[in-house]
Amino acid sequence: MTNETTPAPNFIRNQVREEIEGGQVTSIVTRFPPEPNGFLHIGHAKSICLNFGLAEQMGGDCHLRFDDTNPAKEEQAYIDAIKEDVSWLGFEWAGPVRFASDYFDQLYAWAQHLIREGKAYVDDLSPDEIREYRGTLTEPGTPSPYRERNAEENLDLLARMRDGEFGESEKVLRAKIDMASPNINLRDPILYRIRHATHHQTGDKWKIYPSYDFAHGQSDAIEGVTHSICTLEFEDHRPLYEWFLDNLPVPCKPRQIEFSRLNLNYTLTSKRKLKLLVDKGIVDGWDDPRMPTVSGMRRRGYTPASIRKFCDMIGVTRADGGLVDIAMLTHAIRSDLEDSAPRSMCVLKPLKVVLTNVPEGHEEVYEVLGHPARDDMPVRRVPFTRELYIDRDDFMEEPPKKFFRLAPGREVRLRNSYVIRCDDVIKDESGEITALHCSVDFDTLGKNPEGRKVKGVIHWVSAVHGVPLEVRLYDNLFLEEQPDKDKDADFLEHLNPESLNVCQAIGEPSLAHATPESRFQFERVGYFCADRHASTPEHLVFNRTVGLKDTWAKIKQKG
Ligand code: ATP
Ligand code: MG
């Protein structure tokens, strides 16, 4: 954990710095290797900030390489979205966008090399038999009866697999390592599977596809990657990663370093589960503002800087299983928008106020700072008229003692304007409050006359000049801190039914020109962003990015 002034621990950065200072490495190459089977989420953002950040800070290159070895689950649309997200986060990959599939010819040649060396064989066991023969954590595996095939036969079978002569689960190519290894990953791992699928990059050229393990380290080596950074679940794969590099004529030997993945409370960081939310129509696509995807956070109003800052704050360690508080993420965006978002007034639940001592047609316009601490932002022109809207929540007919807003007979200040007093509550036949009749104390513009204590200040919008806005109030998608904690239960049971509430709000006139993705602080309410898809000048739509209350800042103060 950290605060803004002391950087969080990042053991990989420290290690790389030592290597550079000690002369073991001159320049580094890292890579970010997403599989294009979904959109990127906040966990990927951590990996992106780490890999691209290292290259930036240490003077090196970071590649963007799609790990596209499973054509059945991958799509061009995901590739496009991932590229857009990485760029939006503010990073630039070195050289072209790369694909593991660029190396399929080389990988095939290396598979042939292993066969010739007696280190790989074609196995005819079925997937179930392979699993049975593999053994368990406590029992060694059993060698396949096909393990001793000669090189010539293996080369021939592999070529025929490639050309589509066999069905999908008839044969695989396996490395011949050690069926009794205590590390199950070394018990003759699969190098190639038959897949009769069309690949988004290579079309119908291949009927076999390399496994993740066979493709990953070698792709790193081909690209001259120095530090291959991945999450802790790959720690047990490292001996295999190194076995390939030791047993193949690769141009260089990258080093795999693992770190712990990001888990965020009230959130899922698994593409598979996020895809389910999309496929079931529970959310409005991968970039629904409630999704923890990079594009969802973007639509919600997060800035690239806030996501990068959050990734800095959480640091990089090998401590597994920790859950990061989402309040830390909202703190990062809040503190960014606090400085950068222009202010404005918007009433989410409008309640009409008639100022009975203001003449019909009367109008005054206040020039108000765009931001209280910045004079570079345009001044807003805020019109004041006889009829206004205030928020329903700022009025109570029978207020408790500590309610400092409007109530019958009580006074409150209209932000940037006069003190008003509530004289009358107007109701319809059903008893519903439809309007308040209030009177203005004209002696109170910009000052409190002597002896008068008016504690409450509320926001308001002129009923004549206000602009209608659709405002979407988002909350966490899940009610449980760890929605997928119980592996046997359905995480969908923990969905928050109140994760989206829509209101028809009224905003001050300066909001009429809000362009998609522009961000504002609605004073006293929160930070909002004009929806990048839905908001038009005719129909303004704002998403609530985050409220004003910063629980993380409080936790930090106490801690
Ligand atoms: P998911 O489980 O969501 O499908 P993945 O690990 O399968 O994620 P990849 O596309 O393979 O997704 O991930 C690309 C890179 O991002 C990998 O290096 C992976 O380790 C890293 N990554 C994925 N999830 C996280 C996370 N929660 N925290 C940190 N890094 C992550
Ligand atoms: Mg993966």
Side-chain angles (χ1 to χ4, degrees), residues 8 10-12 30-55 62-70 72-75 78-79 81-83 85-86 89 91 93 97-100 210-213 215-217 219-220 223 225 227-238 241 254-279 286 291-297 307-308 310-324 326 328-329 482-484 487 491:
N10 180 332
F11 79 97
I12 300 181
T30 57
R31 86 286 170 267
F32 174 63
E35 186 182 351
N37 61 352
F39 279 48
L40 299 179
H41 52 60
I42 184 72
H44 295 113
K46 175 178 179 179
S47 175
I48 291 170
C49 290
L50 175 56
N51 280 292
F52 283 92
L54 274 176
C62 181
H63 298 175
L64 174 62
R65 180 176 76 235
F66 287 97
D67 214 336
D68 56 345
T69 55
N70 185 359
K73 294 201 166 157
E74 298 165 4
E75 276 178 34
Y78 295 141
I79 294 177
I82 290 170
K83 280 159 56 180
D85 286 349
V86 173
L89 281 171
F91 296 108
W93 49 88
V97 173
R98 295 155 216 254
F99 295 87
S211 61
Y212 167 85
D213 286 314
H216 201 84
S219 301
D220 286 343
E223 294 182 5
V225 167
H227 298 77
S228 178
I229 300 164
C230 61
T231 35
L232 273 178
E233 65 269 24
F234 291 102
E235 189 174 17
D236 293 343
H237 294 242
R238 192 182 342 133
Y241 183 95
R255 201 147 42 86
Q256 175 177 313
I257 306 171
E258 309 88 19
F259 70 101
S260 58
R261 56 186 293 129
L262 166 64
N263 299 307
L264 202 57
N265 63 3
Y266 302 101
T267 307
L268 294 172
T269 42
S270 149
K271 276 182 280 183
R272 188 177 60 76
K273 290 171 189 157
L274 295 176
K275 184 168 189 303
L276 200 73
L277 297 174
V278 175
D279 291 346
W286 281 96
M291 291 281 269
T293 51
V294 172
S295 53
M297 291 190 288
I307 297 174
R308 292 199 306 263
F310 168 72
C311 292
D312 267 350
M313 285 169 74
I314 57 178
V316 177
T317 70
R318 287 177 58 88
D320 204 8
L323 204 54
V324 171
I326 195 157
M328 209 161 154
L329 179 61
Q482 265 182 290
D484 54 354
K487 301 283 172 250
F491 66 88

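Because only heavy atoms are used, hydrogens play no part in the values below, and waters and symmetry mates are left out as well, while side chains stay in. The shown structure was predicted, so the numbers you read here are calculated from the model rather than taken from an experiment. Each ligand, and each atom within it, is numbered from 1 in the order the structure gives.
Of all atoms in ligand 1, numbered sequentially from 1 with element shown, those under 4.0 Å from a heavy atom of T231 are 19 (C), 20 (O), 29 (C), 30 (N), 31 (C). Atoms of ligand 1 found under 4.0 Å from any heavy atom of S270, numbered from 1 in the order shown, are 3 (O). Residue F259 has at least one heavy-atom neighbour below 4.0 Å for each of these atoms of ligand 1: 29 (C), 30 (N).
Scanning all heavy atoms of the two residues, the minimum distance from R261 to T231 falls at CB-CG2, 3.6 Å. Nearest heavy-atom pair across L262 and F310 is CD2-CE2, 3.9 Å.
At under 3.5 Å, a nitrogen or oxygen of E35, whether backbone or side chain, sits near a nitrogen or oxygen of ligand 1. Taking any N or O of G43, backbone or side chain, at least one lies under 3.5 Å from an N or O belonging to ligand 1. Distances between N or O atoms of L262 and those of ligand 1 include at least one value under 3.5 Å. In terms of N/O distances under 3.5 Å, ligand 1 is approached by K271. Of the polar atoms of H44, at least one N or O is found under 3.5 Å from an N or O of ligand 1, judged by distance alone.
Using a 4.5 Å heavy-atom threshold, the side chains of D67 and Y212 count as touching.
The side chain of F32, and not its backbone, has at least one atom closer than 4.0 Å to an atom of ligand 1 (non-hydrogen atoms only; side chain from C-beta on). At a heavy-atom cutoff of 4.0 Å, ligand 1 is contacted by the side chain of H41 but not by its backbone.
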Step by step, work out the ring-ring contact (aromatic ring centres under 6.0 Å, His included) result for Y241 and H237. CA-CA 6 Å; Y241 183 95; H237 294 242; over 10 Å; no
Check the pair R65 / E223 against salt bridge (charged side-chain N to carboxylate O under 4.0 Å, His left out), numbers first and verdict last. CA-CA 10 Å; R65 180 176 76 235; E223 294 182 5; 3.2 Å; yes
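In this structure, F32 and H44 have perpendicular ring planes: the angle between them is above 60°, well past the 30° mark.
With hydrogens and angles disregarded, no donor-acceptor distance shorter than 3.5 Å links the side chain of R308 to the backbone of C49.
Which of R261, R272, H216 comes nearest to atom 2 (O) of ligand 1 through a heavy atom is settled by distance: it is R261.
Considering N263, I307, T293 as possible partners of I42, the one that fulfils the side chain to side chain contact (heavy atoms under 4.5 Å, CB included) test is I307.
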